[in-house]
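What follows is a set of notes on a single structure, which appears directly below.
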Amino acid sequence: MVTQAPPGAGHVLLVEDDPSIGGLVRAYLERHGYTVIWVESGEEALVELPRHPIRIVVLDVGLPGMDGFDVCREIRGRSTVPILMLTARDEEADRIVGFELGADDYVPKPFSPRELAARVKAILRRSEQRPQLEELTLGPIVVRPDAREVSVDGAPVELTTKEFDLLVSLVENTGIVLSRERLLDEVWGFTYPGGTRTVDVHVAQLRRKLGQPELIRTVRGSGYKAVASEA
């Protein structure tokens, strides 16, 4: 179902099988200027995504058939569009799974439409405000923020959205210690309820995937910093 709204805010793909929640979210986002494409299954979402200039996906975890985690995985295989997940299960393990798959934020049910709209706005602001540099380097690691590509010694490396954003924050500040709280704010936003442990989890994943653990150094009691070499 596609409903037009005043121009300016862009297109939202809403994936929610509950008619009452879907209708409420759609109506509220429309009042804030968005064009809402509302579907009730993951399969429909994957069909509609390439048909519209989607700025953000609002994705329910508990979908019939293909669940939200599977949909998130499929979207991340083809797009870097921001994803905000809705869940009735406010558990850290579920949030970490979603973030590992590339989700940008979580909103637990029940939620207020006002909070949801604020989260959407914050995610879009974070994802679109960063200046697009042509290339960042850290030793053999090359990062292209404009294309959201990473390579090590010329070989491409696949990262989730959050892993990529975390790497960019670290490399942009090479040699500077960044606290876990600052990284959490820059990459996830200050409203993220999961705490700083998710930063540690994502740093560990980055080290493993990049194969260069010595280039992201732990500074005990302070946080992390990217270093150009072991020296």
Side-chain angles (χ1 to χ4, degrees), residues 1-63 66 68-69 71-72 74-76 78-88 90 95 98-99 101-132 145-148 160-162 164-165 168-169 184-194:
M1 290 172 277
V2 181
T3 304
Q4 299 297 323
H11 289 66
V12 175
L13 178 58
L14 171 62
V15 192
E16 171 59 68
D17 65 308
D18 186 314
S20 59
I21 295 176
L24 180 65
V25 171
R26 182 181 66 179
Y28 197 85
L29 291 178
E30 286 171 357
R31 288 202 297 273
H32 284 73
Y34 296 94
T35 297
V36 179
I37 294 89
W38 176 21
V39 298
E40 297 183 358
S41 73
E43 292 82 359
E44 290 177 283
L46 297 177
V47 170
E48 293 297 330
L49 180 63
R51 292 180 174 176
H52 308 275
I54 302 298
R55 290 185 70 198
I56 188 170
V57 178
V58 178
L59 174 62
D60 184 26
V61 171
L63 297 170
M66 190 179 198
F69 293 135
V71 177
C72 184
E74 287 293 325
I75 290 175
R76 276 292 162 262
R78 64 185 76 175
S79 173
T80 59
V81 64
I83 299 173
L84 171 62
M85 301 195 82
L86 309 176
T87 179
D90 188 22
R95 292 196 301 269
F99 286 126
L101 292 174
D104 292 86
D105 202 355
Y106 260 91
V107 174
K109 297 178 180 179
F111 56 84
S112 73
R114 183 178 180 182
E115 178 191 5
L116 179 65
R119 294 285 187 100
V120 167
K121 184 177 180 180
I123 292 170
L124 292 175
R125 183 174 62 248
R126 292 199 305 270
S127 65
E128 297 172 358
Q129 72 182 356
R130 187 187 299 276
Q132 293 299 296
D146 56 342
R148 298 190 70 85
T160 68
T161 300
K162 291 306 181 187
F164 184 91
D165 292 343
V168 169
S169 290
L184 191 71
D185 186 14
E186 287 188 1
V187 179
W188 286 268
F190 70 92
T191 57
Y192 173 64

* Asked: How long is the span from the CD1 atom in I83 to the CD1 atom in I54, to the nearest 0.5 Å?
  -> 11.5 Å
* **Shortest non-hydrogen contact between G22 and L14, atoms and distance** => O-CD2, 3.6 Å
* Asked: Which pair of non-hydrogen atoms, one from V71 and one from G42, has the smallest distance, and what is that distance?
  -> CG2-CA, 3.4 Å
* Spatial distance of atom CD1 (I75) from atom CG (L46) [nearest 0.5 Å] -> 6.0 Å
* Asked: Hey, mind stepping through R51 and I37 against side-chain contact (heavy atoms from CB on, under 4.5 Å) and telling me if it holds?
  -> CA-CA 10 Å; R51 292 180 174 176; I37 294 89; over 6 Å; no
* Kindly determine whether V15 and E48 satisfy side-chain contact (heavy atoms from CB on, under 4.5 Å), including the steps that lead there. => CA-CA 10 Å; V15 192; E48 293 297 330; over 6 Å; no
* Asked: What distance do H32 atom NE2 and K121 atom NZ have between them, rounded to the nearest 0.5 Å?
  -> 8.0 Å
* Closest approach of L49 to S79 (non-hydrogen atoms, all atoms of both residues) -> CD2-CB, 4.4 Å
* To do: Locate the shortest heavy-atom distance separating C72 from G98; write the atom from each residue and the value.
  => SG-O, 4.4 Å
* **Side-chain donor-acceptor pair present, S112, E115, cut-off under 3.5 Å** => no
* **Test item: W38 side-chain N/O and G23 main-chain N/O as donor-acceptor pair under 3.5 Å** => no
* To do: To the nearest 0.5 angstrom, please state how far the CG atom of D18 sits from the CG atom of L63.
  => 11.0 Å
* So, the side chain of E44 versus the backbone of E40: is there a donor-acceptor pair under 3.5 Å, distance only? -> yes
* Under the side-chain contact (heavy atoms from CB on, under 4.5 Å) criterion, do L84 and L116 qualify, and how do the steps go? -> CA-CA 9 Å; L84 171 62; L116 179 65; 3.2 Å; yes
* If we only count heavy atoms from C-beta on, is the V25 to F111 side-chain gap below 4.5 Å? -> yes
* Run the salt-bridge test on D165 and R148 with the 4.0 Å N-O cut-off and return the result as yes or no. => yes
* To do: Output yes when R76 and D104 qualify as a salt bridge under the 4.0 Å nitrogen-oxygen rule, no when they do not.
  => yes
* **K162 side chain to A103 backbone, donor-acceptor under 3.5 Å** => no
* Nearest heavy atoms of E186 and S169, plus distance in Å -> OE1-OG, 3.2 Å
* Structure fact -> One should read off an interatomic distance between Y28 OH and Y34 OH, to the nearest 0.5 angstrom, of 10.5 Å
* To do: To the nearest 0.5 Å, tell me how far R119 CZ sits from L86 CG.
  => 10.5 Å
* Asked: With a 4.5 Å heavy-atom cut-off, do K109 and D60 have their side chains touching?
  -> yes
* Asked: Hey, is CZ on R114 packed in by over 12 heavy atoms from elsewhere, all under 6.0 Å?
  -> no
